[in-house]
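Each chain gets a letter, A, B and so on, in the order the sequences are listed, and its residues count up from 1.
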2 protein chains.
Amino acid sequence: MSDRNWLNNINCQNCSISQLCLPYTLDNSSLDKLDNIIERKRPYHKGELIFQAGEPLRSLYAVRSGSFKSYTVSNDGDAQITAFHLPGDLIGFDSVHSNNYTSFAEALETSMVCEIPYSSLETLSDQLPLLRRQMMRLMSSEISADKQMLSLLNNKSAEQRLATFLLDFSERFKSRGLSSKEFRLSMTRAEIGNYLGLTVETVSRLLSKLHKEAAIQVDGKFILLRDVDRLQSIAGVQLRACATS
Amino acid sequence: MSDRNWLNNINCQNCSISQLCLPYTLDNSSLDKLDNIIERKRPYHKGELIFQAGEPLRSLYAVRSGSFKSYTVSNDGDAQITAFHLPGDLIGFDSVHSNNYTSFAEALETSMVCEIPYSSLETLSDQLPLLRRQMMRLMSSEISADKQMLSLLNNKSAEQRLATFLLDFSERFKSRGLSSKEFRLSMTRAEIGNYLGLTVETVSRLLSKLHKEAAIQVDGKFILLRDVDRLQSIAGVQLRACATS
DNA sequence: CGTGCACTTGAATTCCATCAAAGGTTGTGG
DNA sequence: CCACAACCTTTGATGGAATTCAAGTGCACG
């Protein structure tokens with residue numbers, strides 16, 4: 001079995017998460033072309049980096065299985081996690097404007113990716129308007145999500161942030177065909193805190209609090225959402241009926 | 001003089017800020033094509049909206065003169081300013097993934113824009129790879145800037161945020177050929193605070209503090225940077241010489 | 001000339017960070 | 001397979017930075 005394409009029975013055409021990924025809306029012949037430029041690599045183990053800030057931009061990466069975190073390191077040295085990536089997510093859009101990666105991408109567990117060489121992707125998207133538009137949509141979604149994140153960090157309390165975080169993952173697992181109520185968070189409390197602008201201690205305390213209040217059940221990295229309505233009201237989601245009061 | 005194209009002596013070819021805008025890297029024939037789809041509209045006055053969240057996505061907008069703020073309103077009602085736009089900036093990338101605008105764009109003073117109908121832009125970028133790549137670069141830059149903003153909000157004190165804000169505007173004015181030391185901030189203290197995740201009072205207090213310490217000089221909306229080095233050290237920028245200590 | 005908004009400054013409060021310490025879990029090498 | 005180290009997690013006590021509440025000034029605009 002060759003090192004590259006070591007699982008060559010995998011392709012976009014039969015990929016279970018392709019509707020979350022770049023292939024969305026592509027017709028079969030376009031799918032073939034896209035599939036041809038994609039490389040399937042060996043798995044990354046926990047802690048391994050796909051790329052580092054400063055390295056020349058080679059490829060974008062689509063998560064196939066497992067999960068990753070993206071983070072930046074500011075010039076005064078502190079790291080900031082900017083996203084957690086689940087299967088179907090594309091990694092690297094923040095680096096397209098530069099010739100180098102502007103962030104780090106690190107596996108949170110044993111994970112696999114599809115590597116999409118950027119120059120090939122550019123060439124191919126010259127030929128396939130649908131592919132180009134899907135890329136634009138995905139980048140726009142990322143911008144939109146980042147703006148929402150700004151709003152979360154600027155306006156919400158620690159508890160609201162954590163509740164929003166849990167509901168966000170619930171949605172994301174659901175859209176991947178997994179349980180929206182019961183899931184495993186592959187990142188540590190410290191990583192959740194870093195992402196949400198909180199300390200480890202605060203995250204831990206609030207998880208305990210929500211557990212005590214029976215809104216969730218926490219068992220290490222496993223989370224069970226027991227009272228989604230309550231989480232939503234904590235997160236600050238207005239129900240339609242209350243909106244006009 | 002017709003209402004549309006009321007200043008038809010303006011075009012991308014002679015636009016002083018085109019190197020900051022979409023036209024960058026386009027050749028002359030491509031510039032012509034782009035110029036043909038752009039509409040120059042009457043000025044927007046302070047407080048006027050270019051578009052509102054929920055309206056169907058018609059166009060992207062390039063700031064020609066003046067300034068704008070973009071903001072979102074979360075479902076529990078609080079507004080979050082997500083960007084301030086200066087001449088050359090493109091507005092609307094966060095809405096491309098949707099059929100509707102996801103944010104509001106409001107003039108901070110009397111301002112002009114170039115309107116770029118999105119469907120024409122899509123069609124045109126099918127034909128012009130350079131245009132497409134420039135759009136991707138601009139979107140990627142926005143993603144990158146948003147990630148930096150997340151880091152700022154999560155890791156920095158109020159004073160660091162404000163110093164970073166002032167230095168950011170200094171850079172942006174400089175790249176537009178204006179003074180990097182002396183400029184007018186068209187937004188209110190409350191808007192600065194909203195953007196930076198601070199209250200009006202904190203912004204006001206810190207501006208007074210920096211003024212007293214002679215790092216800046218404040219006269220209403222006019223700011224004079226007196227000690228950029230000091231601002232940079234407050235903002236947390238490491239000088240090269242100190243990086244290895 | 002007065003009304004409304006923007007700005008400034010002070011005092012009290014609060015939420016979360018920090019500091020500290022003690023389990024728990026994971027993984028590794030003997 | 002066990003033992004130990006490294007790291008992750010939890011919980012408590014304390015402190016501080018920024019918000020909130022409050023009051024007053026200044027400025028723009030009708």
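Checking the phosphate oxygens (OP1, OP2) of dA18(D), no side-chain nitrogen or oxygen of Arg205(B) falls inside 4.0 Å. Of the side-chain N and O atoms in Lys221(A), one or more sit less than 4.0 angstrom from OP1 or OP2 of dT9(D). An OP1 or OP2 oxygen of dT9(C) is reached within less than 4.0 angstrom by a side-chain nitrogen or oxygen of Ser208(B). In terms of phosphate contacts, Lys209(A) brings no side-chain nitrogen or oxygen within less than 4.0 Å of OP1 or OP2 of dT11(D). Proximity of Thr199(B) to the phosphate of dT19(D): a side-chain N or O atom is located under 4.0 Å from OP1 or OP2.
Residue Ala158(B) places its side chain closer to dA18(D) than to any other of dT9(D), dC16(C), dA18(D). With dC16(C), dA18(D), dT8(C) as the choices, the nucleotide that has an atom nearest any side-chain atom of Arg189(B) turns out to be dT8(C). Among dA18(D), dC7(C), dC16(C), the nucleotide with an atom closest to any side-chain atom of Ser157(A) is dC16(C).
To the nearest angstrom, P of dA18(D) lies 8 Å from CD of Glu159(B). With rounding to whole Å, Asn194(B) atom CG is found 17 Å from dC7(C) atom C1'. Distance Leu108(B) CG to dA6(C) C1': 15 Å, rounded to the nearest Å. Separating the CE atom of Met187(A) from the P atom of dT9(D) is a distance of 11 Å, rounded to the nearest angstrom. For the pair His45(A) NE2 and dT28(C) P, the computed distance is 11 Å after rounding to whole Å. Distance, Leu207(A) CG to dC8(D) C1': 13 Å, rounded to whole Å. Rounding to whole angstrom units, CG of residue Leu196(A) and P of dA17(C) are separated by 11 Å. For the pair Leu185(B) CG and dC7(C) C1', the computed distance is 14 Å after rounding to whole Å.
Note: Phe84(A) and Tyr195(A) meet the aromatic proximity criterion, with ring centroids under 6.0 Å apart.
Leu198(A) comes within contact range of the sugar-phosphate backbone alone, with a heavy-atom separation under 4.0 Å but no base atom that close. Gly197(B) comes within 4.0 angstrom of sugar-phosphate atoms only, judged by non-hydrogen atoms across all strands, and of no base. Nucleic acid contact for Thr188(B): sugar-phosphate only, since backbone atoms but no base atoms lie under 4.0 Å from a heavy atom of the residue. Residue-level contact check: Thr202(B) touches the bases, meaning some heavy atom is under 4.0 Å from a base atom.
Within the 3.5 Å criterion, the main-chain N or O of Ser67(A) finds a donor-acceptor partner in the side chain of Ser111(A). Looking only at distances, no side-chain donor or acceptor of Ser180(B) sits under 3.5 Å from a matching main-chain atom of Lys174(B).
Judged by distance alone with a 3.5 Å cut-off, a donor-acceptor contact links the side chain of Glu201(B) to the base of dC21(D).
Taking a 6.0 Å sphere around NZ of Lys46(A), one finds it holds 12 or fewer heavy atoms contributed by other residues, nucleotides or ligands.
Under the 30°/60° scheme for interplanar angles, the aromatic rings of Tyr71(A) and Phe104(A) are found to lie parallel.
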Item to check | Residue pair Ser151(A), Ser74(B): steps toward the side chain to side chain donor-acceptor pair (under 3.5 Å) verdict | outcome: CA-CA 8 Å; Ser151(A) 181; Ser74(B) 67; 4.9 Å; no
